[in-house]
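Residue numbering restarts at 1 for every chain, and letters A, B, ... go by the order of the sequence lines. The figures that follow rest on heavy atoms only: side chains count, while hydrogens, waters and symmetry mates do not.
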Number of protein chains: 2
Amino acid sequence: MTIRDIHLRVPDSCRPKGARDHEKSPLTESIEEYVEGIWRLEQVIPTVGTGEIAQYMGVAPPSVTTMLKRMAELGLVEHIPYQGVRCTEKGEALALELLRKHRLIERLLVDFLELPWDGVHDLACKLEHYISSDVADRIAAAMGNPQTCPHGNPVDATRDDLSVQLSALEPGDRAWVAKITDEREEFLSYLYQIGLIPGAQIEAVGRTPFGDVLTLKVEGREEPVAIGREVMTSLWVHTGRFDRAPEGVVQATADPRT
Amino acid sequence: MTIRDIHLRVPDSCRPKGARDHEKSPLTESIEEYVEGIWRLEQVIPTVGTGEIAQYMGVAPPSVTTMLKRMAELGLVEHIPYQGVRCTEKGEALALELLRKHRLIERLLVDFLELPWDGVHDLACKLEHYISSDVADRIAAAMGNPQTCPHGNPVDATRDDLSVQLSALEPGDRAWVAKITDEREEFLSYLYQIGLIPGAQIEAVGRTPFGDVLTLKVEGREEPVAIGREVMTSLWVHTGRFDRAPEGVVQATADPRT
DNA sequence: CAGCGATTTTAGCCTAACCTAAAAACTGTT
DNA sequence: AACAGTTTTTAGGTTAGGCTAAAATCGCTG
C-alpha cells in the first residue's frame, strides 16, 4: 500500500489561481492595474478614452473595451461607449489605496533594503497587489510614516488630486469647475462675474501659441472668455466627456463667496 | 483635436500578463509553485505521484498531469507516466532558491515589519515569486544574514535535503541509498556486509507496529534484512518509482570505506 | 448634409490554467 | 492468467485576458 494520507497542504492563498473552490475576489490584479492606470491618466489629461488607456497600458484597444465593461459592472468606472471613462468613488478609492501601497513599498525598498532609487518602481508595481492595507500600515510605521515616496510623490494622494489644473485643458475639451485654490476676494469676485464657479460646465475653445491665454465657453453664457495663467493655475476642474456633471461635484447655486 | 501623444506609459513589467510582445518567461508563477510543492513532498514522502501533488496543491489530478508534462518539457522534473515524478537538478535549484526567498521574506515581515509570527507564511508565498535573487540578497544583508526563517527552517535548504531518512520509507516503497552520515568504521562495515552502500536499490518490505524495525529487500540479495533505528536515522535515501537509479546518485562499485 | 478619416466596438480566435467524465494502465487477488 | 479496484491519463469544456480584422460610430469638412 502506497502512502496516501498526507497531512501537508499548501495554504489556500498559495493554491493556483483558477483552482476549484478558490475564494474568487472579482478584483483581479489586472483590474487593479487598469484602475490605477485610468486614475493616473485622469491626473494628466482631461479626457480619458479607450485609446489613451490602451497606449498607457501597452495593450490593444479592444482589450481595453472588454476590461472597461467588466470594471463598469464592478462599479469601478463609469463608461459611456464612444465617449470616455471616469473613475467612480469606489474606483478612485481603490486607485488611491494602491498608490499608497506602491509608494510605501518604494520607501521600504530604497531606504531599508538600499535598492537603487531608479530601479524600484517596477518591483513595487508587482508587490502593491499582494499586500493588505494592514501590511501597508506596518510599513508606514516601520519607516517613520513617510509623507512621500522616494521620487517625491505623496503617499496620500488625496481626493483633491482628482481634479486637474485648468491649464491642462486642450481646445475642445469639456470640464466642470471643481475648486479654486486662490481665495482672495477680488479674484473670486472676478470669477463669479464670468461664471466660473464650482459646478459650472466649461469648454475650451482656443489657445494662444505659447499657451498663456485660453479661451473658454462657459455654460449659459454666449460670449467666450479669455483667461490667463493666474486663473489657469488656481482653478481646478473635473474632466470627462459626460453630458451631466459627475456625482460629487458641487452644483453651485449660491454666491461662492459665502 | 483631442490629446493623443501621451508620454506616459506603464513600465513593461507592469503590463498585463498576456500582453502582446510581453517578454514571456516560460516559468510562470504556477509552475514555480508546482516545483516548490513537488520538492517539498519529496522531503516528506518517498514516492511522489500525481495524486499526492494534486492533494497537496489543492487541484484535481488531471490538472497536475498537464502541468507535469509542461514542467518535464522545461526540464524541471522527470516524469514517467503512471510511475512518478522527481525534480531534476534544475527543478531542485529553482525550488531551493524559491525557498530561500520565502524564508528571507518571512524574516523581513516578522522581524522588521513586526507582522504576526503565524500569519506571514501566506503572504511570503505570494511575494517569493516576484523578488529577484538580488533583492533576496539585499534582504539577507539588511536582516543580518539570518540562518533560518522565523519558524526555524533553514534559509539554505542545501542539496542534502534532497534525500530522506530511511525511516521515512513505508512498506512497498523503493529507494536508492544516497548517503550515510554515521561514519564509524564498524558501522560502515556492517552496512557493507548487508549491501547497504550508496547506489544500492532497496525496497521496504515490512515494519513492526512501533516502527522500530524495518525489513528491507536489498538489490541482488535473496534474504530480507531487518534494520533498526540506528541505521534508519543515519542512512539517507533518494526515492522515486523509477526503474533505474536517478542521475547524480553514486553508483558504488568499490568499498565505500576508502 | 454627405462623405471621409479617426476612433471605438463587435466578432471570432488563442493561450494558460482550471474542471468533470470517461478511458487506460497499473496492482493485488483469486 | 484474469479480473476488480485504484490511480493516472485523455478528451472535451470553462474563464480570464490577451489578439487581429471587420463593422460601427463620431466628428469634421466640403
Kindly give the atom pairs (protein nitrogen or oxygen, nucleotide nitrogen or oxygen) under 3.5 Å for nucleotides 2-4 of chain D.
none

Taking only Lys NZ, Arg NE, NH1 and NH2, and the carboxylate oxygens of Asp or Glu, determine whether Arg100(B) and Glu97(B) approach each other closer than 4.0 Å.
->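 Yes.
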Charged N-O contact under 4.0 Å between Lys69(A) and Glu73(A) =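 So Lys69(A) does not pair with Glu73(A) through a salt bridge.
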Quick one: which protein N/O atoms are closer than 3.5 Å to N/O atoms of nucleotides 24-27 of chain C? Pair and distance per line, please.
| residue | atom | partner | partner atom | Å |
| --- | --- | --- | --- | --- |
| dA25(C) | O4' | Tyr82(B) | OH | 3.4 |

Rounded to whole Å, how long is the line connecting atom [atom1] of [X] with atom [atom2] of [N]?
| X | N | atom1 | atom2 | answer |
| --- | --- | --- | --- | --- |
| Lys69(B) | dA16(C) | NZ | P | 14 Å |
| Gln55(A) | dT7(C) | CD | P | 10 Å |
| Met57(A) | dC19(D) | CE | C1' | 16 Å |
| Met71(B) | dA16(C) | CE | P | 15 Å |
| Leu27(A) | dA16(D) | CG | P | 13 Å |
| His79(B) | dT8(D) | NE2 | C1' | 8 Å |
| Glu29(B) | dA17(C) | CD | C1' | 12 Å |

For DNA chain C, which consecutive runs of 3 or more Watson-Crick or G-U pairs (each distance under 3.5 Å) count as stems?
->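 Stems found: C:1-30 with D:1-30.
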Would you say [X]'s side chain and [Y]'s backbone share a donor-acceptor pair under 3.5 angstrom?
| X | Y | answer |
| --- | --- | --- |
| Thr215(A) | Val225(A) | no |
| Arg207(B) | Asp212(B) | no |
| Thr208(A) | Val213(A) | yes |
| Lys90(B) | Leu74(B) | yes |

Trace of the side-chain contact (heavy atoms from CB on, under 4.5 Å) decision for Glu92(B) with Glu42(B) = CA-CA 11 Å; Glu92(B) 181 198 345; Glu42(B) 280 180 355; over 6 Å; no
Between OG1 on residue Thr50(B) and CD on residue Gln83(B), distance to nearest 0.5 Å |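 Thr50(B) OG1 to Gln83(B) CD: 10.5 Å, rounded to 0.5 Å.
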When rounded to the nearest 0.5 angstrom, what is the spacing between SG in Cys87(B) and OH in Tyr34(B)?
->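 One finds 14.0 Å between SG of Cys87(B) and OH of Tyr34(B).
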Mind checking if [X] touches a base, just sugar-phosphate, or nothing, with heavy atoms under 4.0 Å?
| X | result |
| --- | --- |
| Thr28(A) | sugar-phosphate |
| Thr65(B) | base |
| Ser63(B) | base |

Can you list the steps and then say if Glu29(A) with His129(A) is a side-chain hydrogen bond (donor to acceptor under 3.5 Å, both in side chains)?
-> CA-CA 6 Å; Glu29(A) 188 188 330; His129(A) 300 290; 4.8 Å; no
In terms of side-chain heavy atoms of Ser30(B), which of dT10(D), dA17(C), dT9(C) is nearest?
->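 Nearest nucleotide to the side chain: dA17(C).
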Tested for side-chain hydrogen bond (donor to acceptor under 3.5 Å, both in side chains) against Glu128(A), the lone hit among Lys101(A), His102(A), Arg103(A) is His102(A)
Distance below 4.0 Å between Thr66(B) side-chain N/O and dA17(C) OP1 or OP2 |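 Answer no for this pair, as no side-chain N or O of Thr66(B) is under 4.0 Å from OP1 or OP2.
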